[in-house]
Amino acid sequence: MYVEAEMPEQASGTKRGDVTRPRPGHADLAGAIKYGLDDVRDVLERASARETAARVAAGALAAQLLAAFGIGVTSHVAAIGDVMLPVGRTVSFDEAAALPGDSPVRCVDTSLEAGMIAAIDAAKAAGDTLGGIFEVIAHRVPAGLGSHVQWDRKLDGRLAQAMMCIHAIKGVGIGLGPEAAVRPGSRVHDEILPTADSSRLVERPTNNAGGLEGGVTNGEDVRVTGFMKPIATLMKPLRSVDLHTLNDSPAAIERSDVCAVPAASVVGEAMVAFVLADAFLEKFGGDSVDEVRAHYAATASLVATRFARSEEHTSELQS
């Protein structure tokens, strides 16, 4: 949900004024230095999150390809400001996928919606902005996408780059994410157990790895979390300087929103779908969807043959 702030005076019209007071947290100052500009208008317009509209469109096509093979991609918001899902709350793919299209903050816990909306309203009233956390979940992703051999083909690295290139994303987690650093190994690594389910090779009681081990998908849900900072334009601007004089001056005010976390979750969905579709075609690709289907089926058959269980062993598991 975009919550639009008030338009600053004289902000409309075809000719926008020069911007000489860079906003802390935006590309304004860095871009001006990089390109030798006195007016950062071109920087702020090109660095705008409006650019992600094209990526969402491309991601929608990637999601359609994945859906043709039973792979689903969805997202949900885990936190806006300090209003967040309880620690340890794991949101299932089905829960996130069931969110209605008009959900105001895309949170699966409706009891938190009012608190999130109130936090956004309070930030708007204070001339401030809010960030938050969202998670993208990809369901029924086949094992074997990515690479454990080449550093630049590791799928977790590719997913992290795709998420970090979304505007205002300052951190990415896969599975447990940063929490894995403070737990002992016995509470991080997902055990591998036998299963009686003929559609699966093994059972994993947990998915702390987020569906990726060694840069390769392992057959569990792929779970990628994005951590978004607050938007850089504040209606009560932070301190800055005027690039013409280098004197103290409040940062520029541009048309902006108060919180874009729900919208960013949709962009995150698109980027994850795009990366997964790329990896999927690397492994099962062909010149037509029919060829991809044939390669996909052939690989599934090879895996089933390689790990075929004896009838006796299957009976033992089922007993």
Peer 1: What distance do Thr74 atom OG1 and Asp94 atom CG have between them, rounded to the nearest 0.5 Å?
Peer 2: 10.0 Å
Peer 1: Judged by modelled atom types alone, do Ser75 and Arg106 share a side-chain donor-acceptor pair under 3.5 Å?
Peer 2: yes
Peer 1: Among Val105, Ile133, Asp109, Leu99, which residue satisfies the side chain to side chain contact (heavy atoms under 4.5 Å, CB included) criterion with His76?
Peer 2: Leu99
Peer 1: How many angstroms lie between atom CG of Asp156 and atom CD of Gln161, to the nearest 0.5 angstrom?
Peer 2: 13.0 Å
Peer 1: Nearest 0.5 angstrom please: Leu281 CG to Leu145 CG, how far?
Peer 2: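 If I round to the nearest 0.5 Å, the distance is 10.0 Å.
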Peer 1: Which pair of non-hydrogen atoms, one from Leu243 and one from Pro22, has the smallest distance, and what is that distance?
Peer 2: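 Reported closest heavy-atom pair: CG-CD, 3.9 Å.
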Peer 1: Which atom pair, heavy atoms only, marks the closest approach of Val83 to Ala119?
Peer 2: CG2-CB, 4.3 Å
Peer 1: For the residue pair Pro194 and Glu203, establish whether any side-chain heavy-atom pair is separated by less than 4.5 Å.
Peer 2: no
Peer 1: Would you check if the side chain of Ser103 reaches a backbone N or O of Pro100 as a donor-acceptor pair within less than 3.5 Å?
Peer 2: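 Such a contact is absent between Ser103 side chain and Pro100 backbone.
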Peer 1: So is Arg293 actually on top of Phe69's ring, under 6.0 Å and inside 45° of the axis?
Peer 2: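 So Arg293 does make the cation-pi contact.
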Peer 1: Has Asp28 got a side-chain atom pairing as donor or acceptor with Arg23's backbone, closer than 3.5 angstrom?
Peer 2: yes
Peer 1: After noting the C-alpha distance and the side-chain angles of Val19 and Asp39, does the key distance pass the side-chain contact (heavy atoms from CB on, under 4.5 Å) rule?
Peer 2: CA-CA 5 Å; Val19 178; Asp39 173 15; 4.0 Å; yes
Peer 1: I want to check something: taking the side chain as every heavy atom from C-beta on, are Leu246 and His244 in contact at a cut-off of under 4.5 Å?
Peer 2: no
Peer 1: Determine whether Val91 and Leu85 make a side-chain contact, defined as any pair of heavy atoms from C-beta on separated by less than 4.5 Å.
Peer 2: yes
Peer 1: May I ask you to test the Leu276-Leu155 pair for a side-chain heavy-atom distance under 4.5 Å?
Peer 2: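 They are in side-chain contact.
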Peer 1: Test Ile169 against Phe134 for side-chain contact (heavy atoms from CB on, under 4.5 Å), laying out the working first.
Peer 2: CA-CA 10 Å; Ile169 302 304; Phe134 64 87; 3.6 Å; yes
Peer 1: Answer with yes or no whether the hydrophobic clustering places Val222 together with Ile166; edges join I, L, V, M, F, W, Y residues whose side-chain heavy atoms lie under 4.5 Å apart.
Peer 2: yes
Peer 1: Please list all pairs meeting side-chain hydrogen bond (donor to acceptor under 3.5 Å, both in side chains) that have one or both residues in residues 208-231, counting only residues at least two apart or in different chains.
Peer 2: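 Residue pairs with at least one partner in residues 208-231: Glu135-Arg223, His139-Asp221, Arg200-Glu220, Arg204-Glu213, Glu213-Asn218.
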Peer 1: For the pair Lys170 and Met164, evaluate side-chain contact (heavy atoms from CB on, under 4.5 Å) and give the outcome as yes or no after the intermediate values.
Peer 2: CA-CA 7 Å; Lys170 298 299 285 184; Met164 283 293 289; 5.6 Å; no
Peer 1: Can you name the nearest heavy-atom pair linking Pro230 to Thr129, along with the distance?
Peer 2: CB-OG1, 3.2 Å
Peer 1: I need the Asn207 CG to Thr90 OG1 distance, nearest 0.5 Å.
Peer 2: 9.0 Å
Peer 1: Asp248 versus Asp242: any side-chain heavy-atom pair under 4.5 Å?
Peer 2: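 Counting from C-beta outward, Asp248 and Asp242 never come under 4.5 Å.
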Peer 1: Go through the steps for Ser249 and Val241 under the test side-chain contact (heavy atoms from CB on, under 4.5 Å), then give the verdict.
Peer 2: CA-CA 5 Å; Ser249 181; Val241 299; 5.7 Å; no
Peer 1: Any chance you could measure Leu176, atom CG, to Arg187, atom CZ, to the nearest 0.5 Å?
Peer 2: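 So the gap between those two atoms works out to 9.0 Å.
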Peer 1: Could you grab the distance from atom NZ of Lys283 to atom CG of Asp278, nearest 0.5 Å is fine?
Peer 2: 14.5 Å
Peer 1: Whether Arg89 and Glu95 form a salt bridge (side-chain N of Lys/Arg under 4.0 Å from carboxylate O of Asp/Glu) is what I want to check.
Peer 2: yes
Peer 1: Considering non-hydrogen atoms only, spot the tightest contact between Pro24 and Arg239 and give its length.
Peer 2: CG-O, 3.6 Å
Peer 1: Please name the pair of heavy atoms, one in Ile253 and one in Pro237, separated by the smallest distance, quoted to 0.1 Å.
Peer 2: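 So the two residues come closest at CD1-CD, 3.9 Å.
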Peer 1: Going by side chain to side chain contact (heavy atoms under 4.5 Å, CB included), Val202 matches just one of Leu193, Ile192, Asp197. Which one?
Peer 2: Ile192
Peer 1: Taking side chain as C-beta onward, heavy atoms only, is Thr206 less than 4.5 Å from Glu191?
Peer 2: no
Peer 1: For the NE2 atom on His148, are there more than 12 heavy atoms of other groups (residues, nucleotides or ligands in this structure) within a distance under 6.0 Å?
Peer 2: no
Peer 1: Look at the side chain of Thr305 and the backbone N and O of Ser301, then say whether any donor-acceptor pair between them is shorter than 3.5 Å.
Peer 2: yes
Peer 1: One thing to verify: whether Arg46 and Glu51 come together as a salt bridge, which I'm taking to mean a side-chain N less than 4.0 angstrom from a carboxylate O.
Peer 2: no
Peer 1: Is there a donor-acceptor pair closer than 3.5 Å between any side-chain N or O of Ser147 and the backbone N or O of Gln150?
Peer 2: yes
Peer 1: Can you name the nearest heavy-atom pair linking Arg158 to Gly146, along with the distance?
Peer 2: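 Heavy atoms of Arg158 and Gly146 come nearest at NH1-CA, 4.4 Å.
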Peer 1: Find out if a path of hydrophobic residues (ILVMFWY) with successive side-chain heavy-atom gaps under 4.5 Å connects Met228 to Val56.
Peer 2: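 Shared cluster, yes.
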Peer 1: Indicate yes or no for a side-chain donor-acceptor contact from His167 to the backbone of Ser48 under 3.5 Å, with no hydrogens or angles considered.
Peer 2: yes
Peer 1: If you count every heavy atom of other residues, nucleotides or ligands that lies below 6.0 Å from Asp287 atom CG, does the total exceed 12?
Peer 2: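 Atom CG in Asp287 is not crowded, with 12 or fewer foreign heavy atoms closer than 6.0 Å.
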Peer 1: Do the side chains of Ile80 and Val77 get nearer than 4.5 Å, heavy atoms only?
Peer 2: yes
Peer 1: Are Cys107 and Pro104 packed together at the side-chain level, in the sense that at least one heavy-atom pair is separated by less than 4.5 angstrom?
Peer 2: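 With C-beta onward as the side chain, the pair stays apart.
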Peer 1: Have Arg21 and Ser240 got a donor and an acceptor in their side chains that come within less than 3.5 Å?
Peer 2: no
Peer 1: Would you say Met163 and Phe274 are hydrophobically clustered, going by side-chain heavy atoms of ILVMFWY under 4.5 Å?
Peer 2: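 No, Met163 and Phe274 fall in different hydrophobic clusters.
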